[in-house]
Structure formats: C-alpha cells, structure tokens
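Counting starts at 1 for both ligands and their atoms, following the listed order. Both backbone and side-chain heavy atoms feed into the values below; hydrogens, waters and symmetry mates do not.
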Amino acid sequence: MTDVTDRPEALVEVHPDADSLATAVAGELLNRIADAQAAGSVPEIGLTGGSIAEAIHREVARLADDSGVDWGAVQFWFGDERFVPRSSPDRNAGQARAAFLDAVGAFRVQEVPAAAEVATAEEAAAAYAEQFTTQGTGGFDILMLGIGPDGHVASLFPGHPGLDVTGATTAAVHDSPKPPPDRVTFTFEALNRATTVWFVASGAGKADAVRRGLAESGSVAETPARGVRGERETTWFLDHDAAGEL
Ligand SMILES: O=C(O)[C@H](O)[C@@H](O)[C@H](O)[C@H](O)COP(=O)(O)O
C-alpha cells in the first residue's frame, strides 16, 4: 500500500448544508477542468457513486453552460462500479450519465464492463485496468471520493482483501457490505495516482468516518479513507453535519 503520510496534509472546507456543498464542489470542478484545458491538457477526472456525488453531478449540469468547458477534452473514470447489467439503476456510470454526462455531451467516459457483457467481476476488473493503462494517463488529475459511514472509499471496505492488493490498479469485490455485493474498484495503487483528491461527505451519519479519516492516527484497515491522498493536494469537502465531530 502506498505510504501517503509523506504527502501534503489534507485541507477541510465546510459548507452549511448538502446543497451548498454540492454547488461549491461542482463549481470548483468546472473551474479546474476549464483551467486545465486552457493550459492545453485533457484532464482525467475520477467520479464516485453515492448520494452527495449525485447532487454534485446535477449541479455540474446546471452550471455547465457558463463554464467554458470543452466536454470533448476531458475524460471520466469511475472509482468503483457495481458489477450489474449496464441498464441497472445501480450502475454508477448510469447515474452519472443521467445526472450530467449525457446532458453536457461528455463522450470520453471510461465505463467498467457490465455484468452479462463479461462473465465475472474479475474479468471486468482486468478489462478496466487495461483501459486505465491504454486509454488515459494511468492516473487522475482530480479524483472525487465519497466516504461510507464505515470509512470506505470506492469499494475498498474495512477489513476486505481489496485493501491489500498490490501490483494491480483494479480489483473485484464480492460480499460488499454495501449492496449490491459484487463490484469492481480501483485499488489504493490507482487511487493514489491522483494529483488532487477530493473527499465529499454530507450528513451526520458520516461525521465519525470523517473524524477517523482525518485523525492524527488510525489504521487504514479500519478506515480505508486514510489510505488515499493526492500527490499535490487533498481536500475534504464537507457539510456542517459531516464535519460535526472535527
Ligand atoms: O459505489 C458506491 O457505493 C460508491 O462509490 C461509494 O464509495 C460511495 O461513494 C460511498 O458509499 C458514499 O455513498 P453515499 O454518499 O450515498 O453515502
């Protein structure tokens, strides 16, 4: 597992509520993408599933027209994906497409192969790892991560074997404590190839996980969020309730 403790300390930005949090993150994301494009690059963005991510995505769609972003010059990835049929409402990619990707006309969207297209989550993970190597830079300019009440990020859950995977950028997940059970996730090795990491969390239910994620000490096995930091910057975007134990 990458030792991230030598990377820059995390910053914390607290907003009054989920709506203002979503607007702030969406606005910052659009600004960062536009700035990267103005500097001549095609930013690689890691998206996350989850409820606050959904709110952020909808705000991206609402704010997109004034952003100056060229949606053909930005590429999107998913930190994790549920191993279900492509049409399933449980697919993170399907949720992101419905919330903003299709509306803004983003077409460089790297999706994890779905169930029924490949036989196993292991096959899907292997294919996504190949895509990650061949279709992008092999890293992220900005990686967004939701956090579970147990401190999981992507589909890296406390005490699960995926935490210990080395030498691979993706892993299959089975018996996920958060349904659905079968998933594909980027591993710490991949998540830590991010210049900037943004954790996004809303609600009192996340306050303990946020506290553990930001505490001076604690184990990655118990709080996987502790295992990820950006090479240059890490920011925790929180609403007031999620910051309640800081
Ligand atoms: O596929 C997933 O389920 C997500 O990627 C997962 O890591 C999510 O981001 C957290 O569980 C937070 O989800 P909520 O914001 O809905 O609590």
Side-chain angles (χ1 to χ4, degrees), residues 15 17-19 21-22 24-26 29 45-60 76-86 88-99 101 109-115 121 124-125 128 140 142-160 162-163 170-188 190-192 194 197-213 220 223-228 235-244:
H15 294 273
D17 52 38
D19 288 348
L21 171 62
V25 176
L29 179 64
I45 309 298
L47 300 175
T48 180
S51 52
I52 189 60
E54 174 78 10
I56 293 166
H57 295 165
R58 293 193 182 285
E59 279 297 90
V60 170
F76 293 96
W77 301 86
F78 296 90
D80 68 333
E81 185 57 278
R82 292 81 177 280
F83 188 63
V84 292
R86 193 172 288 272
S88 165
D90 279 340
R91 282 270 293 184
N92 287 331
Q95 292 174 21
R97 282 187 181 283
L101 291 169
V109 180
Q110 295 291 339
E111 292 197 29
V112 180
Y128 208 43
F140 305 99
I142 297 175
L143 170 66
M144 284 196 287
L145 290 170
I147 181 169
D150 60 358
H152 79 256
V153 288
S155 285
L156 296 173
F157 295 96
H160 268 236
L163 300 184
T170 63
V173 174
H174 300 289
D175 58 55
S176 161
K178 176 180 182 182
D182 297 321
R183 293 155 170 255
V184 172
T185 188
F186 277 120
T187 58
F188 282 127
L191 298 178
N192 281 310
V197 170
W198 292 349
F199 292 97
V200 290
S202 165
K206 302 298 175 68
D208 179 55
V210 167
R211 177 188 58 74
R212 298 196 331 258
V220 172
T223 309
R226 298 181 65 83
V228 185
T235 301
W236 289 64
F237 288 96
L238 309 171
D239 68 5
H240 178 267
D241 290 344

>> Test side chain to side chain contact (heavy atoms under 4.5 Å, CB included) on Met144 and Val25; report intermediate values, then the result.
In response: CA-CA 10 Å; Met144 284 196 287; Val25 176; 3.9 Å; yes
> Can you tell me the protein heavy atom closest to atom 5 (O) of ligand 1 and the distance?
Replying inline: Asp80 OD1, 2.6 Å
> So, does Arg183 sit close enough to ligand 1 that a heavy atom of it is under 4.0 Å from the ligand?
Replying inline: yes
> Which protein non-hydrogen atom lies closest to atom 13 (O) of ligand 1, naming both residue and atom, and how far is it?
Replying inline: Lys178 NZ, 3.3 Å
>> Show me which atoms of ligand 1 lie under 4.0 Å from any heavy atom of His152.
In response: 6 (C), 7 (O), 10 (C), 11 (O)
>> Among Leu156, Val153, Val200, exactly one meets side chain to side chain contact (heavy atoms under 4.5 Å, CB included) together with Leu145. Which residue is that?
In response: Val153
> Does Arg82 reach ligand 1, in the sense of a heavy atom lying below 4.0 Å from it?
Replying inline: yes
> When you look at Phe78 and Val109, which way does the side chain to side chain contact (heavy atoms under 4.5 Å, CB included) test go after all the steps?
Replying inline: CA-CA 9 Å; Phe78 296 90; Val109 180; 3.7 Å; yes
>> I want to know if ligand 1 touches Gly50 in the polar sense, i.e. an N/O pair below 3.5 angstrom.
In response: no
>> Show me which atoms of ligand 1 lie under 4.0 Å from any heavy atom of Ile147.
In response: 12 (C)
> Hey, is the main chain of Asp80 close enough, under 3.5 Å, to the side chain of Tyr128 for a donor-acceptor pair?
Replying inline: no
>> Can you name the atoms of ligand 1, numbered from 1 with element, that are less than 4.0 Å from a heavy atom of Lys206?
In response: 12 (C), 14 (P), 15 (O), 17 (O)
> Quick one: nearest non-hydrogen protein atom to atom 9 (O) of ligand 1, plus distance?
Replying inline: Gly49 O, 2.9 Å
> Against heavy atoms of Thr48, which atoms of ligand 1 measure under 4.0 Å?
Replying inline: 5 (O), 9 (O)
> Do side-chain atoms of Thr235 reach the backbone of Phe237 as a donor and acceptor pair under 3.5 angstrom?
Replying inline: no
>> Quick one, Gln95 with His57, criterion side chain to side chain contact (heavy atoms under 4.5 Å, CB included). Give me CA distance, side-chain angles, the key distance, then yes/no.
In response: CA-CA 9 Å; Gln95 292 174 21; His57 295 165; over 6 Å; no
> Can you list the ligand 1 atoms lying under 4.0 Å from a non-hydrogen atom of Ser51?
Replying inline: 14 (P), 15 (O), 16 (O)
>> Determine whether a donor-acceptor pair (N or O, by modelled atom type, separation under 3.5 Å) exists between the side chain of Asn192 and the backbone of Gly227.
In response: yes
> Can you list the atoms of ligand 1 that are under 4.0 Å from a heavy atom of Ile52?
Replying inline: 15 (O)
>> Using modelled atom types and a 3.5 Å cut-off, is there a donor and acceptor pairing between side-chain atoms of Asp150 and backbone atoms of Phe157?
In response: no
> Which one of Ala209, Ala154, Gly146 has a non-hydrogen atom at the shortest distance from atom 7 (O) of ligand 1?
Replying inline: Ala154
>> Pairing donors with acceptors under 3.5 angstrom, does anything connect the side chains of Asp182 and His174?
In response: yes
> Under a 4.0 Å heavy-atom limit, does Leu145 contact ligand 1 with its side chain, its backbone, both, or neither?
Replying inline: neither
